[in-house]
Every structure is written in structure tokens, then in C-alpha cells.
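Just so we're on the same page: letters track the sequence lines, and every chain starts at 1. This one's a predicted model, so the numbers in the text were calculated from it and none came from an experiment.
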Amino acid sequence: MPTLTSAPTLQLSNDEILRYSRHLIMPEVAMDGQLKLKQAKVLCIGAGGLGTPLALYLAAAGVGKLGMVDFDVVDYTNLQRQIIHDTDDVGRPKLESARDTIRDINPNVEVVPYETHLNSENAIDIFKDYDIVADGTDNFPTRYLVNDACVLLGKPNVYGSIFRFEGQASVFYAKEGPCYRCLYPEPPPPGLVPSCAEGAVLGVLPGIVGSIQALETIKLILGKGKPLIGRLLLFDALDLKFRELKLRKNPDCPVCGTHPTVTKLIDYEQFCGIRGEEHVPETNVPEITVKELKQMMDAKKPFVLVDVREAHEYQICRIDGSKLIPLGDVPKRMHELNSADDIVVHCRSGVRSAKAVEFLMKSGFKKIHNLQGGVLAWARDIDPSMPTY
Amino acid sequence: MAVKVVIPTPLRQFAGKKDSVEIDASTVGEALAGLTSQFGDLRKHLFNEEGKLRSFVNVYVNDEDIRFLQKDQTPVHESDVISIVPSIAGGSLICCICS
Ligand SMILES: [Zn+2]
């Protein structure tokens with residue numbers, strides 16, 4: 001069990017005793033545990049979906065110092081799950097909004113905002129003042145960065161991740177068990193990350209997984225119970241099933257193994273293949289702009305407009321007269337298209353449709369164009385009444 | 001002998017939208033070969049060009065990682081459950097190649 005704080009010397013005020021009374025009357029926490037919480041310094045990476053329950057519950061529980069790293073601004077699509085932010089907070093920096101909410105919940109907590117992009121230059125400096133790091137960002141570069149920095153500094157890393165209806169949680173603590181790289185030495189290359197669902201997630205799911213992260217953090221501080229070290233918790237929200245897998249320390253682990261090859265922080269965006277050209281989608285297919293499309297429509301030029309989004313996206317909004325053929329169905333339904341027609345293909349932002357155009361050109365279609373910027377550009381430049389997502 | 005292979009959410013779209021598949025197999029290798037011959041699209045998500053499991057995909061027999069058993073030679077028995085567990089990232093920018 002990690003011993004994170006020395007013998008408590010500080011005391012609780014009468015107001016705090018009342019506030020934490022439901023902790024103080026349980027033997028697993030009691031005064032000792034509450035003072036450990038008050039002395040604890042936890043760094044929360046991200047003030048989003050997972051960061052919300054993490055920060056809210058850690059603050060309410062009385063964690064003394066809560067560092068938060070985020071450089072984002074609250075937008076409307078966050079509100080479905082990031083309940084630390086209010087509708088009125090849209091447009092504000094997430095850290096300002098989170099700090100206000102935390103202050104309302106528990107003014108005894110010292111919130112330390114780091115409004116910055118966490119990277120290999122600043123991570124060690126930020127992490128070194130904290131006992132525990134909880135990663136709520138849920139993206140690959142930050143995850144490997146947080147893992148490696150925690151291994152190098154010998155700090156526990158409370159991990160959570162979500163995908164639509166599925167969640168994972170664990171505690172990576174190289175001193176006592178495996179790290180994230182023992183589990184996955186390398187990230188998936190971007191092209192192979194299997195989804196076009198643009199971060200689709202059921203709003204409650206990060207609430208559950210982030211709460212598990214908060215719980216594990218509190219258990220580590222208290223030194224009570226059996227932490228998720230060496231165990232990977234899998235949660236399936238659709239079936240409402242929890243499963244658990246054993247994680248073992250990998251002696252060949254590049255960062256915590258017997259002969260580590262990673263001995264200082266590296267460039268994690270490059271490591272995850274999202275730097276520079278690699279991330280720029282294929283744009284060497286013929287394109288037209290939404291303004292040109294509008295001119296073609298106004299001039300009543302004959303052409304076929306194909307929408308390669310999914311049916312549930314088509315329900316949200318569509319360009320009048322478009323024919324829906326989801327990207328995955330294009331190969332088996334391309335016989336519905338005539339290569340003699342002028343064809344314009346579009347999706348939400350233009351990436352999936354570029355793939356469709358590339359495929360159709362290989363299949364012999366020549367009079368075919370991709371719509372630059374997709375329905376998002378259409379809504380922005382042509383029809384502002386169209387909802388976006 | 002049929003074993004159950006649990007398909008994770010991100011890969012279900014390549015496995016006929018199924019959450020699990022029963023496969024006749026006596027080793028993990030056979031089970032994965034059976035699975036990818038049934039669902040060809042799964043292959044490139046599970047294996048690299050040399051036919052080895054990708055480093056961001058782990059396979060478990062019940063709750064044990066096959067890397068610490070006998071890898072693809074790990075024997076499986078009736079009622080064993082094989083789980084494919086890829087690394088996931090929810091709000092990830094690289095998860096969102098279309099955003
Ligand atoms: Zn490791």
C-alpha cells in the first residue's frame with residue numbers, strides 16, 4: 001500500500017468536522033483518514049467527462065489540494081456529460097468554470113489551475129508536487145505521457161477510459177504493479193483507430209468511470225481496501241456488467257521493465273502518430289466548395305448528391321435532395337450510382353466522403369467531387385438554420 | 001469444442017455487430033484464425049502484416065493475458081471465454097479521424 005502522506009499534524013475546524021461528519025463516523029476514514037485527505041495533493045488531468053466526477057468528488061471528500069490541467073473552453077457539446085460546467089459557462093475556460101463549481105462545493109479545497117497543454121516539457125515540473133495523478137483526458141498522447149511521467153517519478157496513476165458504452169479503469173503504479181505500457185506498449189496508429197463516431201459517448205458513462213477513478217484515488221490516500229493495482233476493470237454499460245482482468249508487470253516493459261528504453265519523456269504526439277502530415281486527411285481527391293454546390297443547385301444543373309454519413313446522423317440534419325449511402329455500404333451499393341452522372345459526395349466534415357470519392361474513383365467514377373467541409377461548411381456558409389453536431 | 005470470443009465495442013462493427021462469437025477451437029490461435037476467417041475485416045485490426053497480434057490489442061483467456069500464458073498456443077477448453085481487449089480512448093482526437 002502506498003504511504004502518501006506523513007503523520008498528520010494539522011487539524012480540522014469545527015465547520016470541517018461537521019462537513020465531513022459522515023466520513024468521521026466511519027472507522028475506515030475517521031479523523032486520521034480525513035486529515036490524510038486534507039493533506040493529500042491530487043493532480044487531475046482534464047476537466048472534461050472523466051475529470052468532472054473526479055474533481056467534484058475529490059473536492060467534496062475534502063482533498064486538500066487539487067491541481068487541474070486543461071486549456072479548453074466549455075462548449076455546448078460538453079454539457080451532456082461534463083456536469084462541472086453550466087450552460088452559462090459556455091465560452092469560458094474550463095478551469096475557471098471548474099474552479100467556481102469546486103469553490104461552491106467545498107471552499108476548503110485549494111484548486112491549482114494549470115491552463116496549459118500538458119507536454120513532455122512541463123509534465124515533470126507539474127507532477128512533482130503531487131501525491132497522485134488521475135488522468136481524465138482519455139486520449140492516447142496524454143495517456144502515454146502521464147504513464148511515463150508517473151513511472152519516472154514513482155507516482156500512482158489512476159486511469160480511466162471510455163468508448164461509447166464501454167469503460168476501463170485501473171491504477172498504474174509501477175512501484176507495486178504494472179504500468180499502462182506493460183499492458184499496451186504502443187498506441188494504435190491513427191488510421192487504425194476503428195471509429196468514425198467522433199467521440200460518441202453516453203453521458204452517464206464518464207460519470208461512472210470517473211467516479212471509480214475518484215474512489216480509487218481516495219482509497220490510495222486512505223491506504224484502505226484493495227486498490228485496482230494489477231487489475232483492469234472493464235465495464236459494459238449496455239449489459240451492465242463489470243469484469244476484471246489480471247494485469248501483470250511486463251519485464252520487457254519499455255518504461256518500467258528490467259531494461260527500460262524510455263528513461264525520459266519523449267514527444268508523445270509524434271509517438272502516437274498525430275503530428276504533422278500524417279494526421280491531415282487525404283485531400284488529393286477533386287473537391288468543390290459549398291458555395292459552388294449552391295451555385296450548381298441554383299443553376300439547376302443535373303447532378304447526384306451523395307451523403308455517406310450514418311442514418312442516425314442523417315436524421316439530425318441533411319442537405320435537401322441528398323441520397324444516403326453510409327460509407328460502409330458504398331462498395332455494395334455503388335451500382336445505385338451511374339458513372340455518367342456528375343456526383344458530389346459529402347459527410348459531416350469532408351473526411352469520410354474523401355475516402356468514398358477515393359474508392360469510387362478507383363472503381364472507375366471520373367465525374368465525382370468531394371464537398372469540402374461537409375454539412376458543417378454548408379451550415380456555416382449556406383444555411384445557418386441547419387443544426388450542427 | 002466451442003469457446004466464446006468476446007468482441008469489444010470498437011471492433012463489433014467488423015464482426016457483424018456481434019458482441020460475442022462461438023468458435024470451434026482448441027487453442028487461442030485457432031480461435032482467432034476462425035474468427036478472422038469468418039469476419040475478414042477484423043484481421044487488420046487484430047494482426048499486423050507479419051500476422052502477429054498488434055501491440056494495442058491484448059487477448060485474455062478468462063482473466064489471464066495470453067502473453068503470460070502460451071501466447072497463441074494457449075489451450076482453450078469448453079466454457080473458456082476469450083476476450084479481445086484493445087486500448088480505447090473516448091474523447092480522443094485520434095479516435096476522431098472524421099471530426
Ligand atoms: Zn510497465
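Residue A:Pro185 comes nearest to B:Ser55 through the heavy atom pair CD-O, 3.5 Å, listed as atom of the first residue, atom of the second, then distance. When all heavy atoms of B:Arg67 and A:Leu183 are compared, the pair lying nearest together is NH2-O, 3.4 Å. For the pair B:Pro86 and A:Gln168, the tightest heavy-atom approach, listed with the atom from each and the gap, is O-NE2, 3.4 Å. For the residue pair B:Ala89 and A:Asn139, the shortest heavy atom distance occurs at CB-CA, 4.1 Å.
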Report task. Quick one: do A:Tyr184 and B:Val85 satisfy side-chain contact (heavy atoms from CB on, under 4.5 Å)? Show the steps, please. Result -> CA-CA 10 Å; A:Tyr184 299 113; B:Val85 185; 3.3 Å; yes

Requested in this report: Check step by step if salt bridge (Lys or Arg N to Asp or Glu O under 4.0 Å) holds for A:Glu186 and B:Arg54.
Outcome: CA-CA 9 Å; A:Glu186 283 169 22; B:Arg54 292 188 176 277; over 6 Å; no

Requested in this report: Tell me, with the steps shown, if B:Glu64 and A:Leu245 meet side-chain contact (heavy atoms from CB on, under 4.5 Å).
Outcome: CA-CA 7 Å; B:Glu64 289 283 357; A:Leu245 302 173; over 6 Å; no

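With a 4.5 Å cut-off on non-hydrogen atoms, A:Leu247 touches chain B through its side chain but not through its backbone. Only the side chain of B:Asp19 comes within contact range of chain A, judged by heavy atoms closer than 4.5 Å. With a threshold of 4.5 angstrom between heavy atoms, B:Val6 approaches chain A through side-chain atoms but not through N, CA, C or O.
The contact list for residues 230-238 of chain A toward chain B, using heavy atoms and a distance under 4.5 Å, reads A:Leu232, A:Leu234, A:Asp236 by residue number.
The number of heavy-atom neighbours closer than 6.0 Å to OH of A:Tyr314, taken from other residues, nucleotides and ligands shown, is above 12. Remark: A:Lys249 NZ is packed, more than 12 non-hydrogen atoms of other residues, nucleotides or ligands lying under 6.0 Å away. Within a 6.0 Å sphere centred on CG of A:Leu202, other residues, nucleotides and ligands contribute more than 12 heavy atoms.
To the nearest 0.5 Å, the span separating CZ on A:Phe163 from OG1 on B:Thr9 amounts to 7.0 Å. Distance check, rounded to the nearest 0.5 Å: CZ of B:Arg12 to CD of A:Glu166 gives 6.0 Å.
Every residue meeting the side-chain hydrogen bond (donor to acceptor under 3.5 Å, both in side chains) condition with B:Ser26, not counting sequence neighbours, appears here in chain and number order: B:Glu30.
The closest side-chain heavy-atom distance from A:Pro187 to B:Phe56 is not below 4.5 Å. Annotation: side chain of A:Arg243 is in contact with side chain of B:Ser83 (closest heavy-atom distance under 4.5 Å).
In summary, the side chains of B:Ser87 and A:Arg143 do not present any donor paired with an acceptor at a separation below 3.5 Å, with no hydrogens or angles considered.
A donor-acceptor distance shorter than 3.5 angstrom exists from the side chain of A:Ser161 to the backbone of B:Ile88, with no hydrogens or angles considered.
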